[in-house]
Structures are given as C-alpha cells and as structure tokens.
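Lettering of chains follows the sequences in order, A, B, ..., and the numbering in each one begins at 1.
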2 protein chains.
Amino acid sequence: MLTALEERALHDRLGALAPISPKTWKAIVALGLRMSLAKGEYFSQPGEKATRFAVVISGLLRHYYLDAAGKESVKAFRGPMELSGPYAEIIQGRPSRTFIEALTAAELFVFEVAEVDTAAESSLELQRLFRRFVEVQFVAKEQREYEFLLLTAEERYRQFCASLPELLQHIPQHQIASYIGITPVALSRIRGRGRGRGKGQ
Amino acid sequence: MLTALEERALHDRLGALAPISPKTWKAIVALGLRMSLAKGEYFSQPGEKATRFAVVISGLLRHYYLDAAGKESVKAFRGPMELSGPYAEIIQGRPSRTFIEALTAAELFVFEVAEVDTAAESSLELQRLFRRFVEVQFVAKEQREYEFLLLTAEERYRQFCASLPELLQHIPQHQIASYIGITPVALSRIRGRGRGRGKGQ
DNA sequence: GTCGCGCGTTAACCCGGGTTAAGAACGCGA
DNA sequence: TCGCGTTCTTAACCCGGGTTAACGCGCGAC
C-alpha cells in the first residue's frame, strides 16, 4: 500500500521512538490501510464512534472542536509523520467530539485500534512503540497547558511562530488565532503591534 | 514496604488499567520504595534531574510551575492512587521544571524510571500497564486543553466544583484560582456573582 | 492575651481581548 | 470582466479579568 519511499520514512520515524524488528515492521505495514483525502474532506467527525487513527504520510490536517454557538476551536495541526485521529476519545471508548479536516490534499496510513490492540497483545515491541507514541502526545499537551497557564496571548503567538514556522505560510490566520485561544481580530492587533517596532512579516 | 491494605488498593487500581499476573505484581512491588512527606515538603523540584515518579498512597500533592516573576501556576492536584512526578520531563530526559509539594502529610510509593524501564524491557504486561498509565495522563491533559479553549473562567470553576468536589474543602482558593488560570481576586468575584443568585457555598 | 500572617473579600482603576461593523486586497468561477 | 466569498485589517465600544490596596477574619506562636 505504501511506496518504498514512504515506507522508509515511516520506518525511520517509528524507529526513532522505539526499536522495531523486521517481524514487527511487517505486522505494522500489514495492519495499515492507505487513504487519500481531498482538501476539505474529513478523516473523522463527532458522532462517529472513534475507532481509527492514522499517521499522516503527506499533507496537513487540522483537529478542532465546534461549540454550541458554532465557534471552532483548533486543537492541533498535524503534518507528515505525525499522528492524527480522535485519540483521547478512542482511549476512552467514547464517541468522537473532534473534527479532523484535511487543509490540503493528504495521504494517510490508517489503523483500526482494535486490530492494532489485538496485535499488541502478543508483541512487546508494539506495546512499547504504542507507549512511546502516547508519551509524545502527552508531552505536547502538557506543553500546551504550560503555555495557556503562563503566557499571554502575544507570547503564545510568538512561541507559535518560533516553533512551527512552516505552518505560517500554509494556514489562514484565523485558524492560528483559534489555536492559541484568541479571536482573529485580536491576533491581527497583536501582529500590528509587532509590526510597528521593526519585526517585519 | 506497603501494608497489605495498601498493596491491595494499589493492585486494584493498576489492575483496572490492565491485567497483571502475580509474577508482574511481585516485580512492581519490589521496584517501588515507600516514602513519607510531611506537609509542605517537596517530592520534586526544578533543577533536579527528573528520574522518579510515584503513586500517591495517601495525602494530597500539588504540581505547579513558578515563573520568573514569582507567580505560581498550578498544573494538577493529585490524591490517593494517582500518579505524581515530573512525568513530561522524565519522558523528555530533561531537568524538571515543576514543583511537587505535599499539601498534607503524604505517603508515596516511588519508582526510578530507569529501573522500571529496564524491567519493562522483558515484560509485555509492564509495557502495557505503562502505556495505559500514560494514556490516562494524556486524556486528562486533553480535557484541560478543551476547557481552556472553550470555557470561560466561570465555567471552568463550575466544572472544577462539579468534577473535584472533594478538593474544595481541602485546598485554599487561591490555588484553585491558579489551577483554572485566573487570579484569586477574580475567583472571589466569580463566587460572589454565584452567591447572589441562590447557589450557596 | 496579642501580635503577626495567610487567607478571602471588596472596591477602584486599568487594559487586553471580545464584539460588531466596515472596508481593502485577493482569488476564483461564471 | 464582473461578482462573490474569504481573509485580513482597522476602528469603536464593551466587559471580564488583572492589579493594587484596604479591611476583616481565624489561627498559631509567643
């Protein structure tokens, strides 16, 4: 299902988390299913039972909540070799409450949790790899908690620019605003302030 | 090191996450070290290398950051049978940046990550248990992200009261305020608003 | 007892961000 | 080419929460 190049990239990425024997690698590749999304399509939506997650092969996805008033709140952007899917809801066995939308055309390598879980029942390597994957997610969320607790909106924006500069070109500003927890208008003002004092762009 | 009662409680708690064979259980108990903290003592502080985590046997702990201006920001409160420790920093192999303080006298069951990790190298059960433990942490952080993104300060406070009512009696309000990301003054105002319209306490 | 201190409350003032609305720049399909 | 939608910006006004400060309370140390 994957090209040799893609398989190589995925192997390198997962191998960086935990050692993977050839046998385990075969199992992983056999469990995944390739999937294409056109720009604007959804990988997952609230209401569906949360049973699948994916590794992004190419393209860019956006995870977001939608509240009763219709306001979108962006949880995450996910690019190549990153995890996508309503992972917290999968763990809890609950219906998803997050939208996952392709911001660009995207290729995914999709897994059914139940299948991966079953395979992991007899594979220490898979358990460990799983664990590391969740650890990465956990650290990311804790970093985000840190930023919401300690930083002002302006500092969160600077931090975003510093740590995810590739995304600045490809994502509309109102989605970045939502990601850092403010409105598009407020972000525009913050950018305006910075522009006055040198710091172009 | 643990009383029979404590061991029983710990076994029940961990067993709810993933099945544990008697052999694995022996290993876990052998790896842990009991530790007592007096009220006000610290289990972990920034600067120390982050190598230990613990399960709380009894008592109440507080995890918090301290910024350059001296402001404390509370990350979490942890009670009996919950995980404590600078877990994100342990995963990253970085020095801790969080304070972990005993709000009451507390008993902990402490593990050295390196030792547990080594033991898990040959135990699928331990890997799986580990993974589940991290998953629980991850879900909690994602819930917190949700609350910061979608809820107002007042709604976060109501949510806190609803989901952790036991803590209301034991924790000073300025620490609760910090936990939900506002100042003590603001929390007092919020409580004042509620008091006017019935809702005692 | 009383002194001090940490805690919660209240009030006054300030400011950052929300809200609403209008307009400019751009892309895109008819 | 025109028209429409989307994105970004700017301005005006409002409000929630931050800041500072004063006051009262309960409690432990002495």
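For C/dG6, neither phosphate oxygen OP1 nor OP2 lies less than 4.0 angstrom from any side-chain nitrogen or oxygen of B/H174. OP1 or OP2 of D/dT7 has not a single side-chain nitrogen or oxygen of A/Q175 nearer than 4.0 Å.
When the P atom of C/dC7 is taken as reference, atom CD1 of B/I176 falls 12 Å away, rounded to whole Å. One interatomic measurement links the two molecules: CD of A/Q169 to P of D/dC8, which rounds to 13 Å at whole-angstrom precision. The nearest whole Å value for the distance from the CD1 atom in A/I171 to the P atom in D/dT6 is 19 Å. Look at CD on B/E72: it is 12 Å from P on C/dG6, rounded to the nearest Å. Taking atom CG of B/L168 as the reference point, atom P of C/dG8 lies 12 Å away to the nearest angstrom.
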Write down the protein N/O and nucleotide N/O pairs, taken from nucleotides 17-25 of chain D, whose separation is under 3.5 Å; answer none if there are no such pairs.
residue: D/dG17; atom: OP2; partner: B/R193; partner atom: NH2; Å: 3.3
residue: D/dG18; atom: OP2; partner: B/T183; partner atom: N; Å: 3.2
residue: D/dG18; atom: OP2; partner: B/T183; partner atom: OG1; Å: 2.8
residue: D/dG18; atom: N7; partner: B/R189; partner atom: NH2; Å: 2.8
residue: D/dG18; atom: O6; partner: B/R189; partner atom: NH1; Å: 3.0

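The side-chain tip of A/R156 does not point at the ring of A/Y179 from less than 6.0 angstrom away and within 45° of straight on.
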**OP:** Dump the intermediate steps for ring-ring contact (aromatic ring centres under 6.0 Å, His included) on A/F99 and A/Y65, then the final yes or no.
**Re:** CA-CA 6 Å; A/F99 289 87; A/Y65 298 115; 9.5 Å; no

Side-chain donor-acceptor contacts of residues 15-23 of chain B below 3.5 Å, not counting sequence neighbours, with atom names and distances?
residue: B/S21; atom: OG; partner: B/T24; partner atom: N; Å: 3.2
residue: B/S21; atom: OG; partner: B/T24; partner atom: OG1; Å: 3.1
residue: B/S21; atom: OG; partner: B/E125; partner atom: OE1; Å: 3.1

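Using cut-offs of 30° and 60° for the angle between ring planes, the B/F148 and A/F148 rings count as parallel.
Salt bridge status for A/E89 with A/K49: absent, with no side-chain N to carboxylate O gap under 4.0 Å.
B/T152 meets the side-chain hydrogen bond (donor to acceptor under 3.5 Å, both in side chains) test with B/E155; sequence neighbours excluded.
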